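Data first, discussion second: the structure below is written as structure tokens.
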Amino acid sequence: MAASRSALLVLADGRFPAGGHAHSGGAEAAVKAGRIRDAAGLEAFCRGRLHTAGLTAAGLAAGAALGLDAYALDEAADARTPSPALRAAARRLGRQLMRAARAAWPSPELDALASAFPRGAHQPVVLGATARAAGLGPEDAAHCAAYEAVGGPATAVVRLLGLDPYQATGVLARLAPEMDAVAGRAASAAREGVDALPAASAPLLDITAEQHAAWPVRLFAS
């Protein structure tokens, strides 16, 4: 169990070279639109993202950690991601995560997934497969996805607004019980199969992702 918990820390560490540092999770567009101005705005944004895109990603990651069919999961991810810009970003992140995962936890399953999706599978699917290769379970994968859903935007807003990092960390700490609940819900759904996975939507994230992708100058890739 100790080895698995250590692997979870490695996978969830922001320094793990999976490419997430280059993405804001929609926070850059929200800052420009004035929807995030301070810690309170960041908390509201992160809470909304956690219970929509975060829940959906956590379900996909938990399903992959359980060993559900990767093709079905990737199709489910496509269906749950109406924004072309977000689909492209998810596959880029999936490719980057796969490179790091295969270096950290070499496995025939990861090799097969990389071969099946040369352009990259959706990042949550790769995340779950990585968790499985690392000896982690569906709850662990779901927790990683839930944390990524809010951790990325929090870090981005520190850079975008010069927000006090202590305040950003406080936001994450206050959201911790909700992250646990989202991860638990996602893992339970994954045990019922692909058709039972959450499909919560965040239309504003989709709209602003398309707008953000057209910006000539931006700090983050998405």
Side-chain angles (χ1 to χ4, degrees), residues 1 4-5 7-8 11-12 18 20 25 47-84 86-98 101-102 105 107-152 175 177-203 205-206:
M1 182 63 70
S4 293
R5 287 296 172 264
L8 177 59
L11 185 57
R47 178 170 286 109
R49 194 170 194 279
L50 173 63
H51 289 281
T52 54
L55 174 62
T56 299
L60 292 163
L66 281 167
L68 299 182
D69 181 75
Y71 288 101
L73 287 170
D74 198 70
E75 288 179 354
D78 253 353
R80 288 161 171 75
T81 313
S83 163
L86 289 182
R87 287 199 298 272
R91 293 194 183 281
R92 285 197 302 270
L93 284 167
R95 287 197 302 272
Q96 179 69 20
L97 174 56
M98 180 62 77
R102 293 172 80 186
W105 298 287
S107 115
E109 286 191 28
L110 289 178
D111 292 343
L113 184 61
S115 178
F117 295 94
R119 293 177 50 250
H122 277 261
Q123 192 270 356
V125 178
V126 180
L127 176 62
T130 302
R132 183 176 174 87
L136 301 171
E139 287 84 1
D140 298 314
H143 271 95
C144 279
Y147 179 74
E148 284 181 353
V150 296
L175 289 174
E178 293 178 57
M179 286 187 247
D180 289 344
V182 164
R185 180 181 169 190
S188 295
R191 289 191 171 88
E192 298 181 23
V194 175
D195 291 343
L197 292 177
S201 63
L205 286 178
D206 296 320

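On a predicted model such as this, the values are computed, not experimentally measured, just so you know. Start at 1 with the first residue, then count along the sequence.
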Contacts table for residues 113-131: side-chain donor-acceptor under 3.5 angstrom, sequence neighbours left out:
unit_1: His122; atom_1: NE2; unit_2: Asp78; atom_2: OD1; d: 2.9
unit_1: Gln123; atom_1: NE2; unit_2: Glu148; atom_2: OE1; d: 3.1
unit_1: Thr130; atom_1: OG1; unit_2: Val126; atom_2: O; d: 2.7

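- Checked by atom type and distance alone, the side chain of Arg87 pairs as donor or acceptor with a backbone atom of Pro82 at under 3.5 Å.
- A salt bridge does not link Asp140 with Arg132: every distance from a Lys NZ or Arg NE/NH1/NH2 to an Asp or Glu carboxylate oxygen is 4.0 Å or more.
- The minimum heavy-atom distance linking Tyr147 with Ala12 is given by the pair CE2-O, 4.2 Å.
- Here the side chain of Thr81 pairs no donor or acceptor atom with the backbone of Ser83 at under 3.5 angstrom.
- Remark: side-chain polar atoms of Arg49 are not paired, donor with acceptor, to backbone N or O of Leu205 under 3.5 angstrom.
- For the atom pair CG of Leu55 and CE of Met179, the computed distance is 14.0 Å after rounding to the nearest 0.5 Å.
- Between Trp105 and Leu110, the shortest heavy-atom distance links the atoms O-CD1, 3.4 Å.
- In this structure, the separation between CG on Asp69 and CD on Glu75 is 8.0 Å, given to the nearest 0.5 Å.
- Nearest heavy atom pair, residue Ala76 against residue Leu60, reads CB-CD2, 4.1 Å.
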Does the side chain to side chain contact (heavy atoms under 4.5 Å, CB included) test come out yes or no for Leu136 and His143, once each step is laid out? CA-CA 11 Å; Leu136 301 171; His143 271 95; over 6 Å; no
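- We find that Glu139 and Arg191 are joined by a salt bridge, their nearest charged nitrogen and carboxylate oxygen being less than 4.0 Å apart.
- With Arg102 contributing its side chain and Met98 its backbone, the two residues share no donor-acceptor pair below 3.5 Å.
- Taking all atoms of both residues into account, the shortest heavy-atom contact from Ala196 to Ala189 is O-CB, 3.5 Å.
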Should Leu8 and Cys144 be marked as a side chain to side chain contact (heavy atoms under 4.5 Å, CB included) after you check the CA-CA gap, both sets of side-chain angles, and the distance that decides it? CA-CA 8 Å; Leu8 177 59; Cys144 279; 3.4 Å; yes
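- Minimum interatomic distance between Ala62 and Ala186 (heavy atoms only, all atoms of both residues): CB-O, 4.2 Å.
- Of all heavy-atom pairs between Val194 and Leu73, the closest is CG2-CD2, 4.0 Å.
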Output, in order, the C-alpha distance, side-chain angles, deciding distance and verdict of salt bridge (charged side-chain N to carboxylate O under 4.0 Å, His left out) for Arg185 and Asp180. CA-CA 9 Å; Arg185 180 181 169 190; Asp180 289 344; over 6 Å; no
